[in-house]
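What follows is one structure encoded as structure tokens, with my remarks underneath.
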Protein chains: 2
Amino acid sequence: MTRNFKANASTALYQAVKEHIRQQVQSGAWKVGDRVTSEHELVAELGVSRMTAHRALRELAAEGLLQRIPGVGTFVAGGKAESSLLQVTSIAEEIRSRGHRHQSEVLLQTGETASPEIASLLGLRSGEWVFHLVCLHLEDGVPIQLEDRYVHPAAAPGFLQQTFGAVQPGEYLLNSVPLDEVEHVVEASCASAETAARLGLKPGDPCLVLTRRTWRGADVVTYVRCTHPGNRYRLGTRFKPGGSPGVG
Amino acid sequence: MTRNFKANASTALYQAVKEHIRQQVQSGAWKVGDRVTSEHELVAELGVSRMTAHRALRELAAEGLLQRIPGVGTFVAGGKAESSLLQVTSIAEEIRSRGHRHQSEVLLQTGETASPEIASLLGLRSGEWVFHLVCLHLEDGVPIQLEDRYVHPAAAPGFLQQTFGAVQPGEYLLNSVPLDEVEHVVEASCASAETAARLGLKPGDPCLVLTRRTWRGADVVTYVRCTHPGNRYRLGTRFKPGGSPGVG
DNA sequence: TGCTCATACCTGTCTATACAAGTTCGAATT
DNA sequence: AATTCGAACTTGTATAGACAGGTATGAGCA
């Protein structure tokens with residue numbers, strides 16, 4: 001079998017196959033849940049051996065981009081995009097996993113023109129349209145997170161039409177948009193009067209603020225600022241280096 | 001070649017080889033920097049094919065446990081143990097990587113009997129001996145971290161004799177003890193009077209507190225509580241899912 | 001109509017072989 | 001003595017072939 005695929009030397013062949021698959025996903029040709037070219041098909045199409053195709057697919061699965069099911073096939077995985085400390089899953093899932101009751105209250109859900117700061121963070125021009133959602137999350141009836149989210153309108157056109165009851169905003173975006181870059185910032189700050197009122201704190205009480213931006217290609221999908229009461233919330237992980245993290 | 005190694009079925013052979021290597025490292029038989037059994041030696045000793053041995057070593061290297069150098073050999077890697085959000089490297093390295101000047105001031109360096117709380121956290125009996133270090137770190141002359149560290153005496157016997165100037169406590173432990181489990185907790189709190197005085201804050205100002213415990217096997221190596229001024233410090237990462245993280 | 005079984009397909013692993021490219025080290029040559 | 005060259009090692013990649021175990025589907029039978 002001659003190498004009719006990727007005549008480019010100096011790069012490993014299995015790397016080229018990985019890149020080939022990655023581009024199909026990132027370009028949007030393959031969406032979340034779509035079936036991916038099987039190993040035998042890659043052998044036929046690219047002229048590589050099955051072991052080479054297998055390694056490419058296996059490593060992409062280990063990286064979280066794909067999901068492989070023996071006997072069935074390989075599929076584009078949902079954007080898990082978990083960091084070891086922070087998971088890009090909704091707070092609802094986290095609360096339920098602790099065995100507690102989650103409630104959420106949508107305080108604001110509109111489209112608005114972007115302020116210069118928000119425009120800059122989302123890669124928009126100032127004054128462009130942007131989706132804005134403010135949501136208060138309660139754990140067993142106690143406020144635990146104030147979520148202030150901006151969404152790039154091109155990334156999730158149906159965002160405003162969603163009613164966020166069972167499905168949370170984070171979950172909705174995760175299930176429809178495959179992320180390929182995430183930025184987290186954690187800081188401690190004081191509660192403003194408004195924040196304190198919503199979280200049931202006194203103004204000036206310490207808060208843990210988690211800011212997250214996610215990318216799809218070069219475009220920012222969402223910018224979200226989650227404020228937690230400092231005395232009721234901590235963020236943690238225990239993990240084996242190289243292994244899978246858990247959330248504490 | 002018959003499989004005279006790991007007759008245990010139901011487990012993949014390369015997994016068994018990985019576990020075999022891992023145990024050598026975790027048991028302490030192989031220390032940081034030591035040479036690891038080469039692929040050909042594994043073929044001879046375990047009766048597996050070179051590709052199987054290669055896969056085991058390659059994956060362990062990808063997990064950070066080993067370091068492979070083409071043409072030279074495979075070695076036990078230093079305890080990088082980096083999380084995507086938090087690296088178990090010293091604050092000194094982080095400050096210098098920002099191009100700033102780092103100074104540290106040892107406020108306390110003793111052996112003492114463990115309080116019940118500390119004993120519990122380190123897996124000691126109450127009243128047992130424990131190393132205790134308190135250190136203030138400055139970035140360009142400004143206090144940026146108050147480090148309060150307890151070290152299991154069995155894990156690092158020479159800890160008290162160290163003078164922490166060029167080599168920081170974290171670096172010292174990393175270079176001598178290979179970690180295999182890490183726990184992080186991040187929380188926001190108010191500065192106590194003493195903490196405020198040392199960090200140059202007002203009592204009640206918000207602080208970002210990072211608590212970390214590291215394990216070697218079943219034993220806790222160190223418990224450290226790092227308190228940062230909330231207005232001068234943030235913790236962040238930007239990374240591609242599956243890729244290598246950077247520190248922000 | 002409903003059930004069973006054969007077949008085709010998919011992933012997962014393991015082996016044996018081959019070549020490439022790097023290093024280390026010692027012996028032979030200059 | 002200094003240098004060069006080659007043999008012996010190392011890891012990295014790629015291939016072909018084989019088997020195992022899972023799933024999905026459709027044909028044939030009850």
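Heavy-atom basis, side chains included; hydrogens, waters and symmetry copies ignored. So you know, we letter chains A, B, ... as the sequences are listed, proteins then strands, and number each from 1.
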Kindly point out which of [options] is positioned nearest to the side chain of [X]?
X     : options                : value
B/R68 : D/dG12, D/dT13, D/dT23 : D/dG12
B/Y14 : D/dT15, C/dT23, C/dT13 : C/dT13
B/A12 : C/dT13, C/dT15, D/dA14 : C/dT13
B/V72 : C/dT23, C/dT15, D/dT15 : C/dT23
A/M51 : C/dT23, D/dA14, C/dT13 : C/dT13

Rounded distance in Å - [atom1] ([X]) to [atom2] ([N]):
X     : N      : atom1 : atom2 : answer
B/E59 : C/dG12 : CD    : C1'   : 12 Å
B/E39 : D/dA8  : CD    : C1'   : 16 Å
B/R58 : D/dA14 : CZ    : C1'   : 12 Å
B/K18 : C/dG12 : NZ    : C1'   : 14 Å
B/F75 : C/dT23 : CZ    : P     : 13 Å
A/R50 : D/dT13 : CZ    : C1'   : 17 Å
A/R55 : C/dT13 : CZ    : P     : 14 Å
A/Q67 : C/dG12 : CD    : P     : 11 Å

Results of side chain to side chain contact (heavy atoms under 4.5 Å, CB included) for A/T37 - residues two or more places apart only: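 Here the qualifying residues are A/W30, A/E41, A/L42, A/E45.
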
For B/L138, side chain to side chain contact (heavy atoms under 4.5 Å, CB included) partners two or more places apart: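 Result, side chain to side chain contact (heavy atoms under 4.5 Å, CB included) vs B/L138: B/Q103, B/P143.
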
Taking only N and O in the side chain of B/T74, is any of them less than 4.0 Å away from OP1 or OP2 of D/dT11?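 Yes, such a contact exists.
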
Between A/H100 (side chain) and A/I95 (backbone), is there a donor-acceptor pair under 3.5 Å?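 Side chain of A/H100 to backbone of A/I95, a donor-acceptor pair under 3.5 Å: no, none is there.
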
What does B/L57 touch in the nucleic acid at a heavy-atom separation under 4.0 angstrom: a base, only the sugar-phosphate, or nothing?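 Contact class for B/L57: none.
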
Both B/E41 and B/H54 contact DNA chain D. Taking the nearest nucleotide for each, which residue is further toward the 5' end?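 Whichever sits nearer the 5' end wins; that is B/E41.
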
Does any non-hydrogen side-chain atom of B/L121 lie less than 4.5 Å from one of B/Y150?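 SC-SC contact between B/Y150 and B/L121 ruled out.
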
Spell out protein contact along nucleotides 4-9 of chain C as letters: B when the base is contacted, S when just the sugar-phosphate is, - when no protein heavy atom is under 4.0 Å; keep the 5' to 3' order. ------

Can you list everything that forms a side chain to side chain donor-acceptor pair (under 3.5 Å) with A/E187? Sequence neighbours excluded, please.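 By the side chain to side chain donor-acceptor pair (under 3.5 Å) rule, A/E187 matches no residue at all.
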
Only counting residues at least two apart or in another chain, list the ones meeting side chain to side chain donor-acceptor pair (under 3.5 Å) with B/Q23.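 Side chain to side chain donor-acceptor pair (under 3.5 Å) check on B/Q23 returns nothing, list empty.
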
Using ring-ring contact (aromatic ring centres under 6.0 Å, His included) as the criterion, list what pairs up with B/H152, not counting sequence neighbours.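 With sequence neighbours excluded, B/H152 shows a ring-ring contact (aromatic ring centres under 6.0 Å, His included) to no residue whatsoever.
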
